[in-house]
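Numbered from 1 within each chain, the chains take letters A, B, ... in sequence-line order. Side chains included, hydrogens not; waters and symmetry mates left out as well; all remaining heavy atoms used.
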Protein chains: 2
Amino acid sequence: MGIADKETRNVPTLASIAERVGVSVNTVSRALRAPNTVRVELRRRINAAMEELNYVPNRLAGGLSGTRSDIVGVVVTSLYYSEFASIVDTLQSGLLEQDLQVMLANTRYNPDQEVRLVRSILSWRPAAVAIIGVDHPPKVVELLKASGIPIIEMWDVGGEIIDTAVGMDHASIGAAQAAHLIAEGYARLAFVGSLRENDRRAQKRLRGAEAAVVAAGLPEIVRFTAQQNGSPDLGERLTHELLEQRPEVDAIVCNSDVVAFGALRALKRRGRRIPGEIGVIGFGDNEASSCVSPSLTTIRPDRERIGKLTAEAILARINDGAPKTTVVDWELIIRESTRRRDSQNQ
Amino acid sequence: MGIADKETRNVPTLASIAERVGVSVNTVSRALRAPNTVRVELRRRINAAMEELNYVPNRLAGGLSGTRSDIVGVVVTSLYYSEFASIVDTLQSGLLEQDLQVMLANTRYNPDQEVRLVRSILSWRPAAVAIIGVDHPPKVVELLKASGIPIIEMWDVGGEIIDTAVGMDHASIGAAQAAHLIAEGYARLAFVGSLRENDRRAQKRLRGAEAAVVAAGLPEIVRFTAQQNGSPDLGERLTHELLEQRPEVDAIVCNSDVVAFGALRALKRRGRRIPGEIGVIGFGDNEASSCVSPSLTTIRPDRERIGKLTAEAILARINDGAPKTTVVDWELIIRESTRRRDSQNQ
DNA sequence: TTGAAAGCGATACCAT
DNA sequence: ATGGTATCGCTTTCAA
């Protein structure tokens, strides 16, 4: 069964079904989209023929002639470490009910790629586009606006919104991270992890934390960051550098939980007591964060909720609902890695 | 900018560009696909018009008239916990070079859903389909075969293959898990975690382990499993049950690392020494597995490689290459949770 | 309840 | 180098 057969092989079309049953294409089409406008007996024969020939409708043709295309473009910045995988997961199952298909693109935090991929996705005439973030290259904004379809920006709500957004206020997350550390008595904060030029969310969190530190009259946050993907190894390496160059630091804000895992490893290797001597807070609530030791204090974004609300927003917008931006809550999960005093929580 | 404008809004077409520049659609089309067959000056004006109007080609139309559709259907069984996210990631970036777009579907281990989703994906006339596993409902196999396009089955190679497969031999993985435990001196094995009726890979691993246990003359493997998604909480719960009902067990094979995280937690709560009294091995090599304590012995599948090879196989098959199944290696990563004697490895 | 015919927006072949 | 025209498979009026 090679590709060479492609020209010879005749994939069944509506017309071939029609011919076989002895009706017009039209009737077959209606048997599919509006079954009750076709005689029961005829409908039965049509269905039988479709089943027998393994007929699969050609939605390229359908989308071209009809009004809607039933594709939803989903643009993420990464799929590593579940960061957005579960958003995509929930989003997708929400769209499934309406037979909307997800077309996926991954920019890997590269703005040129983002322009290219958005263009590419729009070329499939999607019914809507869901995209991570609210900070895009101007061309992306222009293209998305010009497309005239609903655009849902996910994950972040802190900025100019094209149409509708479902996300979190990242500055307040950073502020909460710093405030928690300060409340636990830490005073010399560091920020460790990947901090890509185009990860505006991470930058917003860092700025939120910086503002909180300044407000508390503490020295400014020390940064040990890299442009690469976050990972335990990166966290470990950066933390070693940090400890050597800035021994006065007594608390580390990690840009993601996996980075924090590496930071914990480095600290333990060097015999630093956690949380006594030094505290560590992460971001993202990785599934393992309650299982490392000490267990990791972190921020838990409600990814399921973002995915679900995005699906709902898409459906609403497609059905002429008005744009409506939603700020989604997150939660500070206090665990052992920062808890010095007797606190609340798990 | 509402959807109501949709009828009024005129998305630019080849024809509108052509009219604006004063040439035929044909010329504009060639300016895109074969630029050197169009006068430089004219091409410049055409490009300018496209840029100005934010023209995005309609690939539904292109796919309908042309031979190929540039869509690759990707069907996974889950997106949770990175199990397949990084395969999708690598696969996608491999396809990007050829401007192939990924259309994603997630069956969540539901065979009815699988039939529905495969049908749905085929309706977009993809150039190829990549799908997790080699065990599918008969209807899925029938549809995929009838489509006449390249089908790449991923992750598993242990069974009937439709066209081309890129995956691992899961039975040998299970055998290696058991063999390792036995070599470390464990004798009463248990299998803990999610074991869905439709997760044939997990079943193959379990059977591989059972065969190894039988071959070693040891008592058969005790099972504590559930149908739900694997998670630390599930692992913790099942392990507590296991310890109460089968106290003689001295080694646990977990169906995934996240389940193992929970198992470790349960064991520590009960004061069981790991690996002295009881050993734990996982599957999947989660990014946190080297960071929990004790660090987790596990199997590391080469997900990047599977994604990359799948992309290559798709491109090869599209270009008339022959079907070619590849068995991808995995690695036993020995860490603290099973190492009783002085072993090799990290 | 059913059918005929005109698009949808591109591509591809054949002329010019 | 450029244009005319049929075509892809379906949806959507409009008639019958």
Open item on the list: Going by ring pair (Phe, Tyr, Trp, His ring centres under 6.0 Å), name the residues that satisfy it together with A:W124, two or more places apart in sequence or in a different chain.
Closed with: none
Task: Those residues of residues 14-25 of chain A lying under 4.0 Å from DNA chain C by at least one heavy atom - done: A:V23, A:S24
Task: salt_bridge(A:E312, A:K308) N-O dist < 4.0 Å - done: yes
TODO: State which residues pass salt bridge (charged side-chain N to carboxylate O under 4.0 Å, His left out) with B:R108; sequence neighbours excluded, sorted by chain then number.
DONE: A:D89
Task: Within residues 30-55 of chain B, residues whose heavy atoms come under 4.0 Å of DNA chain D - done: B:R30, B:T37, B:V38, B:R39, B:L42
- [ ] Please identify each residue that fulfils side chain to side chain donor-acceptor pair (under 3.5 Å) with A:S24, with sequence neighbours left out.
- [x] A:T27
Output side-chain donor-acceptor pairs under 3.5 Å for residues 57-66 of chain A, partner residues at least two apart or in another chain, one line each.
residue : atom : partner : partner atom : Å
A:N58   : OD1  : A:L60   : N            : 2.9
A:N58   : OD1  : A:A61   : N            : 3.2
A:R59   : NE   : B:S123  : OG           : 2.9
A:R59   : NH1  : A:D70   : OD2          : 3.3
A:R59   : NH2  : A:Q101  : OE1          : 3.4
A:R59   : NH2  : B:S120  : OG           : 2.8

Task: For atom CG of B:L60 and atom P of D:dC10, their distance in whole Å - done: 14 Å
Open item on the list: Using whole Å, what does the distance between atom P of nucleotide C:dG9 and atom CZ of B:R59 come to?
Closed with: 17 Å
Open item on the list: Looking at B:S29, I'd like to know whether one of its side-chain N or O atoms comes within less than 4.0 Å of OP1 or OP2 on C:dT11.
Closed with: yes
- [ ] Go through the structure and list residues passing salt bridge (charged side-chain N to carboxylate O under 4.0 Å, His left out) with B:K139, not counting sequence neighbours.
- [x] A:E51, B:E142
- [ ] Starting from C1' on D:dC8, measure out to CG on A:L64 and report it in whole angstrom.
- [x] 9 Å
Task: Partners passing salt bridge (charged side-chain N to carboxylate O under 4.0 Å, His left out) against B:D135 (at least two apart in sequence or in another chain) - done: B:R200, B:K204
TODO: Ignoring backbone atoms, establish whether A:T27 has a side-chain N or O less than 4.0 Å from OP1 or OP2 of C:dG3.
DONE: yes
- [ ] Check salt bridge (charged side-chain N to carboxylate O under 4.0 Å, His left out) between A:R20 and all other residues, then give those that pass, not counting sequence neighbours.
- [x] A:E52
